[in-house]
2 protein chains.
Amino acid sequence: MSPRMGLDLPTILQKAGEIVDEKGLDHLSLGELARRLQIRTPSLYNHIEGLEALRQKLAIHGLHNLHERMVYAAVGRSGDEAVRALSEAYVSFARNHPGLYDATFRAPETDDPELQQAQHKVVELVVQVLQVYGLKDEAALHTVRGFRSILHGFASIELAGGFGLPLDLDKSFLLLIDTFLAGIHSGTSN
Amino acid sequence: MSPRMGLDLPTILQKAGEIVDEKGLDHLSLGELARRLQIRTPSLYNHIEGLEALRQKLAIHGLHNLHERMVYAAVGRSGDEAVRALSEAYVSFARNHPGLYDATFRAPETDDPELQQAQHKVVELVVQVLQVYGLKDEAALHTVRGFRSILHGFASIELAGGFGLPLDLDKSFLLLIDTFLAGIHSGTSN
DNA sequence: TGTGAAAACTAATGTAATTAGTTATTATAA
DNA sequence: TTATAATAACTAATTACATTAGTTTTCACA
């Protein structure tokens with residue numbers, strides 16, 4: 001057992017990530033990917049099961065990256081400071097890797113445990129950071145949902161170019177996070 | 001001037017909306033649409049310029065619907081009550097018309113004035129409802145951005161099935177809106 | 001009742017995903 | 001050093017769409 005060594009998955013995902021960040025998730029095609037890898041399209045099937053599987057793996061790849069950056073941002077901080085750091089890392093990732101971010105969100109419905117695991121790790125990180133606010137059981141879960149909504153909502157509208165006005169985006173985002181934090185501190189969430 | 005009367009655009013958008021709500025925006029194809037309209041695919045080109053144009057028109061169609069429901073929900077209310085009504089109408093629309101909602105958001109980049117107009121009307125409505133909080137100039141615009149982020153973030157994560165836990169979604173959403181409102185009232189936004 | 005504008009059609013082209021079956025390469029076993 | 005088995009990569013063929021060109025059909029009105 002030890003046949004010829006060809007492409008490996010990391011290389012493929014790397015290139016696919018480049019395509020997707022350049023041209024958008026919807027313009028990822030096996031043809032373009034193969035061209036950039038200097039092979040013929042059908043050869044890709046030796047490594048991945050098809051376009052849908054590629055998107056799936058790309059989503060997992062993106063989630064790993066996102067998680068890594070969020071952990072790095074949050075480490076050594078707590079409370080509001082940690083929340084702000086986490087938030088900034090999140091939108092930062094979306095800005096630097098718009099296609100990959102999109103892939104993490106628009107992953108096809110599936111019960112792929114690896115994908116679920118990757119999603120879960122990001123959620124878990126948020127749960128941990130919010131723990132310091134001492135929210136009771138259910139309230140904590142609702143609050144995590146709210147926080148995720150804010151992060152994804154802002155990031156995706158920004159990426160879609162949905163904020164038309166020439167008004168500072170970072171300011172909008174910081175204010176949003178602070179407004180949310182103020183709401184939490186006001187005790188509404190208990 | 002008065003040749004034979006065939007399909008009209010409303011009928012086409014109606015059927016396209018059905019497809020998209022059933023199978024998702026990515027599964028909208030001219031073939032499927034033509035089949036349901038009982039015509040051959042190329043005949044569609046007598047009414048629309050192609051798949052991309054169809055998506056565009058679908059986005060406008062969806063935005064009109066969304067706006068209508070939001071207006072209806074907000075009328076006769078003001079302040080927090082109006083904000084809650086608006087919010088509920090928004091997620092309600094997304095739940096009842098997932099594909100159409102997706103179309104409104106993932107409209108192809110374009111400078112189609114009709115699309116921009118339709119988007120603008122929704123934003124304007126939110127601006128008006130938030131006016132009662134007397135936020136100063138810039139602060140008001142940042143707050144609208146925040147509110148939109150919350151609405152879209154929650155709606156799209158819910159549609160994507162991203163909230164895994166068996167925890168009441170309406171409760172999460174109401175709490176999120178109330179937390180945001182509490183943040184606004186706390187004066188963070190000034 | 002005739003007609004012309006536009007709806008709908010058939011046929012053809014181009015692109016992309018996917019499958020089947022073949023060839024080429026190379027890490028190890030002999 | 002050489003043989004071979006595992007598998008990467010290839011060519012050829014199929015299928016599904018979107019789109020274009022060119023033809024036929026229909027029907028509201030003059």
Side-chain angles (χ1 to χ4, degrees), chain A residues 1-61 99 102-103 106-110 112, chain B residues 1-61 99 102-103 106-110 112:
Chain A
M1 67 219 36
S2 55
R4 111 196 241 190
M5 249 291 271
L7 276 177
D8 60 348
L9 197 57
T11 305
I12 292 177
L13 291 180
Q14 156 75 21
K15 271 277 182 287
E18 287 172 19
I19 293 174
V20 128
D21 282 340
E22 276 173 35
K23 332 209 313 187
L25 184 59
D26 292 326
H27 292 86
L28 174 64
S29 74
L30 294 180
E32 169 83 6
L33 178 58
R35 203 172 309 120
R36 295 205 194 186
L37 291 168
Q38 320 235 43
I39 58 174
R40 301 313 178 103
T41 308
S43 306
L44 283 170
Y45 285 79
N46 288 314
H47 303 277
I48 44 169
E49 289 110 59
L51 184 58
E52 213 174 300
L54 174 62
R55 291 232 217 169
Q56 196 120 304
K57 294 212 187 301
L58 206 53
I60 294 167
H61 176 64
D102 210 17
R106 284 172 49 201
E109 313 264 1
T110 182
D112 178 347
Chain B
M1 68 245 10
S2 56
R4 109 194 242 190
M5 248 293 269
L7 275 179
D8 60 349
L9 196 56
T11 305
I12 292 176
L13 292 180
Q14 156 75 23
K15 269 278 182 284
E18 286 173 18
I19 292 174
V20 128
D21 282 340
E22 275 173 35
K23 331 209 315 186
L25 185 57
D26 292 325
H27 292 86
L28 174 64
S29 74
L30 295 180
E32 169 84 6
L33 177 57
R35 202 170 310 122
R36 294 206 194 187
L37 291 168
Q38 320 235 44
I39 58 174
R40 300 313 178 105
T41 308
S43 307
L44 283 169
Y45 285 80
N46 288 314
H47 303 277
I48 45 168
E49 289 109 59
L51 184 59
E52 213 172 301
L54 174 62
R55 290 232 217 170
Q56 197 121 302
K57 295 212 188 300
L58 205 53
I60 295 166
H61 175 65
D102 209 18
R106 285 171 49 200
E109 312 265 0
T110 181
D112 177 348

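Heavy atoms only: backbone and side chains are in, while hydrogens, waters and symmetry mates are out. First the proteins, then the strands, lettered A, B, ... as listed; each starts at 1.
Taking atom CD1 of B:Ile48 as the reference point, atom C1' of D:dT20 lies 15 Å away to the nearest angstrom. One can place NE2 of A:His47 at 14 Å from C1' of D:dA6, the figure rounded to the nearest angstrom. Remark: P of D:dA16 and CD of A:Glu52 are 17 Å apart, rounded to the nearest angstrom. The distance between atom CG of A:Leu51 and atom P of C:dA16, rounded to the nearest whole Å, is 12 Å. For B:Leu7 and C:dC9, the CG to C1' distance is 14 Å, given to the nearest whole Å. Rounded to whole angstrom, the span from the CZ atom of A:Arg55 across to the P atom of C:dA16 amounts to 15 Å.
Between the CD1 atom in B:Ile12 and the CG atom in B:Leu54 there is a gap of 8.0 Å [rounded to 0.5 Å].
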Stepwise salt bridge (Lys or Arg N to Asp or Glu O under 4.0 Å) check, B:Arg106 with B:Asp26: CA-CA 10 Å; B:Arg106 285 171 49 200; B:Asp26 292 325; 2.7 Å; yes
Worked check of side-chain hydrogen bond (donor to acceptor under 3.5 Å, both in side chains) between B:Ser43 and B:Asn46: CA-CA 6 Å; B:Ser43 307; B:Asn46 288 314; 5.1 Å; no
Audit row: B:Glu52, B:Gln56, side-chain hydrogen bond (donor to acceptor under 3.5 Å, both in side chains) steps and yes/no: CA-CA 6 Å; B:Glu52 213 172 301; B:Gln56 197 121 302; over 6 Å; no
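Residue B:Ala59 comes nearest to B:Ala103 through the heavy atom pair CB-O, 3.3 Å, listed as atom of the first residue, atom of the second, then distance. In terms of heavy atoms, B:Leu51 sits closest to B:Leu30 at N-CD1, 4.0 Å.
For residues 12-45 of chain B, proximity to DNA chain D is found at B:Ser29, B:Leu30, B:Gly31, B:Thr41, B:Pro42, B:Tyr45, defined as any non-hydrogen atom under 4.0 angstrom from a strand atom.
Side-chain atoms of B:Asn46 stay outside donor-acceptor range of the base of C:dA6, with no qualifying N/O pair under 3.5 Å.
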